[in-house]
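Everything on this sheet refers to the single structure shown next.
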Amino acid sequence: MKQIFIIIIVLFSLVSCDKKKEIVPEKVVKIVPKKSAFGFILADFNIVNDTIERGDTFGTIIQNQNIGKRKVYDIIAKVRDSFDVRSIRINRPFTLLRSKDKKHNLQAFIYQPDALSYYVIDMRDTAVVVYKKTKPITIRRRTIGGVLKESLSATLGNAKIEGALANKIAKIYAYSIDFMKLKKGDRFAITFTERFINDSVYDGVEELEASFFEYGGKIIYAFPFAQNPNSDKIQYYNEEGKTLKNFFLKSPIKFSRISSRFSNSRFHPVQHRWKAHKGTDYAAPRGTPITVTAGGVVEQSGFTAGNGNYVKVKHNGTYSTQYLHMSKILVRRGQRVSQGQVIGLVGSTGLATGPHVCYRFWKNGRQVDALRLKLPSGEPMNGANKSRFLTQITPLKFELDSVANL
């Protein structure tokens with residue numbers, strides 16, 4: 001009986017221990033990673049962040065720190081082969097890592113010449129160590145689309161996209177779209193990639209993968225493609241493989257507005273009489289660059305009372321263009337110019353009431369309306385590449401169309 005009683009007590013104790021194990025939670029230890037930067041654990045240092053000011057030199061910056069027994073010129077002599085101390089520029093950031101004790105001895109100097117790289121001058125050991133590092137870059141892909149509610153630049157700005165993308169798009173479509181004529185409600189879609197430094201700091205647009213814009217009731221696609229797979233030469237084509245590059249640009253000025261059109265009878269704002277206006281006026285701020293719409297040779301360059309400062313370019317035996325009222329001429333007679341080259345700056349010289357460029361166009365010696373003229377297009381895609389091109393753009397086009405129709 002005594003033995004049975006002992007067995008019952010032991011079993012009860014075991015059951016009680018098991019119950020205690022079930023109800024007592026395990027202790028969870030949360031490991032919080034220490035914040036680091038430039039390869040250093042920041043908690044180990046007293047940190048000074050600053051920027052280079054006018055008059056600062058590497059020597060003047062470190063001599064104001066407690067660098068122990070080292071002499072400034074000794075440090076400069078040790079680092080000069082790996083770091084040009086004369087290369088530091090104003091407004092660029094630098095960081096000083098100092099000891100955490102009361103002496104605040106300088107341990108390291110870090111200089112960032114640009115957003116992507118930095119130099120480290122490590123002074124913790126007797127031998128000063130210098131090295132350059134590049135911050136890791138992450139590429140993220142994004143597709144946006146819908147309808148334009150304002151200008152392209154404003155639309156992209158509201159989507160927190162750098163303005164350089166608007167300029168890139170304008171350049172790609174310069175041969176087929178006059179962005180001054182895009183209207184609110186026109187559809188668009190853009191697929192592009194962006195760079196991020198350390199996976200967090202935005203560093204701008206990397207490349208445009210695909211896009212379309214509704215223009216004049218038509219959808220105009222743009223897909224980058226290299227006809228030679230071994231070449232970096234990229235051109236842009238529509239969904240049928242036709243090049244977007246035409247012989248003439250649509251406008252001599254980016255992101256401007258048409259203030260007066262070609263007309264056989266227009267009331268002249270200066271002469272106050274009715275007369276023909278054989279050109280298209282593009283209003284823009286004084287000093288805005290004027291680009292030649294096609295390559296050619298400068299036929300005339302000078303000043304007249306009516307035209308002000310002007311340039312006339314002969315493109316071939318058929319076409320010539322003229323650009324009036326410049327504040328400054330940047331080319332000379334007889335000079336060969338290439339398409340998109342800046343030939344002058346917007347002004348109001350001659351008979352003009354405000355800053356603009358009057359763009360005139362000749363075909364076979366007769367002035368015509370450039371906006372109504374059907375201009376020659378560029379070379380088509382090589383037929384052998386078309387199948388490869390269509391296969392490449394099919395998923396891109398589907399993605400653009402899907403976003404724009406949301």
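FYI, side chains are in, hydrogens and waters are out, and symmetry mates aren't considered; it's all heavy atoms of this structure. Just so you know, these numbers come straight off a predicted model, no measurement behind them. Sequence positions, counted from 1, serve as the residue numbers for this chain.
Taking the centre of each ring, Phe361 and Phe248 come in below the 6.0 Å mark. Separation of the Tyr236 and Phe223 ring centroids does not fall under the 6.0 Å cut-off. A distance below 6.0 Å separates the ring centres of Phe83 and Tyr119. Side-chain rings of Tyr221 and Tyr237 stay apart, their centers remaining 6.0 Å or farther from each other.
Remark: Glu209 engages Arg141 in a salt bridge, criterion side-chain N to carboxylate O under 4.0 Å. A salt bridge does not link Glu194 with Arg140: none of the charged nitrogens is closer than 4.0 Å to a carboxylate oxygen. Comment: Lys397 engages Asp401 in a salt bridge, judged by a side-chain N to carboxylate O separation of less than 4.0 angstrom. A salt bridge is absent between Asp101 and Lys103: the closest approach of a Lys/Arg side-chain nitrogen to an acidic carboxylate oxygen does not fall below 4.0 angstrom. The existence of a salt bridge linking Lys71 and Asp74 is excluded, since no basic side-chain nitrogen approaches an acidic carboxylate oxygen closer than 4.0 Å.
Side-chain contact annotation: Tyr319 with Thr321, donor-acceptor N/O pair under 3.5 Å absent. With no hydrogens or angles considered, no side-chain donor-acceptor pair links Tyr323 and Thr291 at under 3.5 Å. Between the side chains of Gln65 and Asn105, no donor-acceptor pair is found at a separation under 3.5 Å. Residues Asp199 and Thr138 bring a donor and an acceptor atom of their side chains to less than 3.5 Å of each other. At a cut-off of 3.5 Å, with distance as the only test, no side-chain donor of Tyr73 or Gln63 sits close to an acceptor on the other residue. Using modelled atom types and a 3.5 Å distance limit, the side chains of Tyr310 and Gln322 yield no donor-acceptor pair. In summary, the side chains of Thr293 and Tyr359 do present a donor paired with an acceptor at a separation below 3.5 Å, with no hydrogens or angles considered. Using modelled atom types, one finds a donor on one side chain and an acceptor on the other under 3.5 Å when comparing Asp114 with Ser117. In this structure, a donor-acceptor pair under 3.5 Å is absent between the side chains of Arg333 and Gln300. Using a 3.5 Å distance cut-off with no hydrogens or angles, the side chains of Gln107 and Ser99 do not pair a donor with an acceptor. With no hydrogens or angles considered, no side-chain donor-acceptor pair links Asn91 and Thr51 at under 3.5 Å. Residues Ser211 and Tyr173 bring a donor and an acceptor atom of their side chains to less than 3.5 Å of each other.
In this structure, Arg142 is not positioned above the aromatic face of Phe192 in the sense of NZ or CZ being under 6.0 Å from the six-membered ring centre and within 45° of the axis. A cation-pi arrangement is present between Lys312 and Trp362 under the rule of less than 6.0 angstrom and at most 45 degrees off the ring axis.
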